[in-house]
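Remarks on the structure that follows.
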There are 2 protein chains.
Amino acid sequence: MLAEGGQGMTVVGPCVTSMLRKAGLRPTRQRIALVSLLYGRGHRHVSAEALYEEALHAGIPLSLATVYNALHQFTEVGLLRELAADGAKSYFDTNVSDHHHFFVEAENRMIDIPATSVAFSDLPVPPEGMEITRIDVVVRLRRKV
Amino acid sequence: MLAEGGQGMTVVGPCVTSMLRKAGLRPTRQRIALVSLLYGRGHRHVSAEALYEEALHAGIPLSLATVYNALHQFTEVGLLRELAADGAKSYFDTNVSDHHHFFVEAENRMIDIPATSVAFSDLPVPPEGMEITRIDVVVRLRRKV
DNA sequence: ATTTGTGCAAATCGTTTGCATCTGA
DNA sequence: TCAGATGCAAACGATTTGCACAAAT
């Protein structure tokens with residue numbers, strides 16, 4: 001279990017700049033815009049493509065490659081957590097604190113599960129010389145019949 | 001195991017044929033070969049590409065597209081379970097019973113964790129109208145420093 | 001001025017698809 | 001025979017990369 005420090009940081013204006021600076025990333029126009037979109041309204045699970053579209057609609061012209069760059073850089077510095085939901089595409093979660101996910105299969109949508117809702121009464125022992133970096137629990141959901 | 005009466009060069013039990021028949025899949029040369037490779041030696045986690053190479057090296061000429069078809073068909077009929085490890089590529093697990101996985105990040109390798117090694121003391125409640133189809137636990141590992 | 005980031009388009013990777021040909025029942 | 005499977009190559013979607021240009025320190 002890693003990742004702590006998830007008190008929803010409401011980021012607006014100059015905070016964004018210092019947030020990026022603290023992370024060692026130059027606060028460029030594009031990064032500032034992306035961080036604002038990501039943290040503007042609560043926690044989110046975004047795909048690169050979706051964030052790209054959103055930025056364009058918000059009148060921020062940037063390239064898809066820049067979005068990918070930014071998402072990976074943000075992930076490296078701990079601002080985002082990458083989720084391997086299912087299938088081909090990656091999602092990025094603005095909630096980097098310890099928690100898990102429901103995955104709605106039909107919609108490719110993720111819903112947060114607080115860490116406290118999943119308790120391991122027994123932890124698997126990692127193989128010799130290995131250590132646990134993270135435990136991902138994905139609870140797959142289907143519409144009830 | 002005895003050789004299947006035919007052109008197959010691998011050691012094939014008659015069970016393979018009936019296994020496919022029971023699943024509603026025509027026991028073709030390619031499917032028989034793939035099932036034999038998959039179930040020949042204990043449980044495995046294979047990617048399409050890896051299985052394809054393996055088949056070629058075993059002297060079974062087939063196309064990558066056929067491997068993809070077969071893997072998905074096998075999954076549909078419950079002979080395999082698809083794993084969304086991490087990143088772009090899919091893995092298929094010959095162990096379809098209830099269990100979980102270690103994921104060795106550096107090697108993209110999966111190791112089974114028996115279901116009994118992970119106990120939930122608290123189960124998350126699915127949202128209204130939804131039901132749980134499966135719970136995947138992935139314990140990510142890194143080489144200890 | 002120097003360093004770092006950006007945009008674009010082409011390249012890559014895993015996977016899927018269309019269609020002509022082949023094969024098992 | 002003939003539905004169903006296969007092979008091939010082209011198509012595809014998501015992501016990455018290479019490099020000239022632009023922006024931040």
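Just so it is clear: chains get the letters A, B, ... in the order the sequence lines come, proteins before strands, and each one is counted from 1. Fair warning: this is a prediction, and the values are worked out from it, not measured in the lab.
- Residue-to-nucleotide proximity on DNA chain C shows that, of B:Pro27 and B:Ala48, the 5′-proximal contact is made by B:Ala48.
- Among the nucleotides D:dT15, C:dA9, D:dT6, the one closest to any side-chain atom of B:Thr28 is D:dT6.
- Salt-bridge check for A:Asp112 with A:Arg44: failed, with every basic side-chain N at 4.0 Å or more from each acidic carboxylate O.
- At whole-Å resolution of the value, OH in A:Tyr52 and C1' in C:dT6 are 13 Å apart.
- Of the charged side-chain nitrogens involved, at least one lies within less than 4.0 Å of a carboxylate oxygen, so that A:Glu131 and B:Arg142 count as a salt-bridged pair.
- At whole-Å resolution of the value, CG in A:Leu20 and C1' in D:dA23 are 15 Å apart.
- An OP1 or OP2 oxygen of D:dA3 is reached within less than 4.0 angstrom by no side-chain nitrogen or oxygen of B:Arg26.
- Looking at heavy-atom distances under 4.0 Å, A:Gln30 makes contact with sugar-phosphate atoms alone, never a base.
- Going from atom CG of A:Leu71 over to atom P of D:dT16 covers 10 Å, rounded to whole Å.
- Each of D:dT6, D:dA14, D:dA24 was ranked by its minimum atom distance to the side chain of B:Asn69; first place goes to D:dT6.
- Outside the 6.0 Å centre-distance limit, the rings of B:His101 and B:Tyr91 are not counted as a close aromatic pair.
- Going from atom CD of B:Glu53 over to atom P of C:dC13 covers 13 Å, rounded to whole Å.
- Across the protein-nucleic acid pair, A:Phe92 atom CZ and D:dA14 atom P stand 13 Å apart, rounded to whole Å.
- One finds a side-chain N or O of A:Tyr68 lying less than 4.0 angstrom from the OP1 or OP2 phosphate oxygen of D:dT15.
- For C:dG5, the OP1/OP2 oxygens have no side-chain nitrogen or oxygen of A:Thr66 closer than 4.0 Å.
- The residue among B:Tyr91 and A:Leu25 whose nearest nucleotide of DNA chain C is located toward the 5' end is A:Leu25.
- The shortest distance between the side-chain N/O atoms of A:His72 and the OP1/OP2 oxygens of D:dT15 is not below 4.0 Å.
- Of the charged side-chain nitrogens involved, at least one lies within less than 4.0 Å of a carboxylate oxygen, so that B:Arg81 and B:Asp136 count as a salt-bridged pair.
- We find that CD1 of A:Ile60 is positioned 17 Å from P of D:dA23, with the value rounded to whole Å.
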Worked verdict on A:Phe92 versus A:His72 for ring-ring contact (aromatic ring centres under 6.0 Å, His included): CA-CA 9 Å; A:Phe92 295 84; A:His72 287 140; 5.8 Å; yes
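- Distances from the side chain of B:Arg29 to the nucleotides C:dT23, C:dT17, C:dT15 place C:dT23 closest.
- Across all strands shown, A:Ser47 has no heavy atoms under 4.0 Å from either base or sugar-phosphate atoms.
- Between B:Arg21 and C:dA25 there is a side-chain N or O to OP1 or OP2 distance below 4.0 Å.
- Taking atom CG of B:Leu62 as the reference point, atom C1' of C:dT23 lies 15 Å away to the nearest angstrom.
- Distance, B:Glu82 CD to C:dT16 C1': 13 Å, rounded to whole Å.
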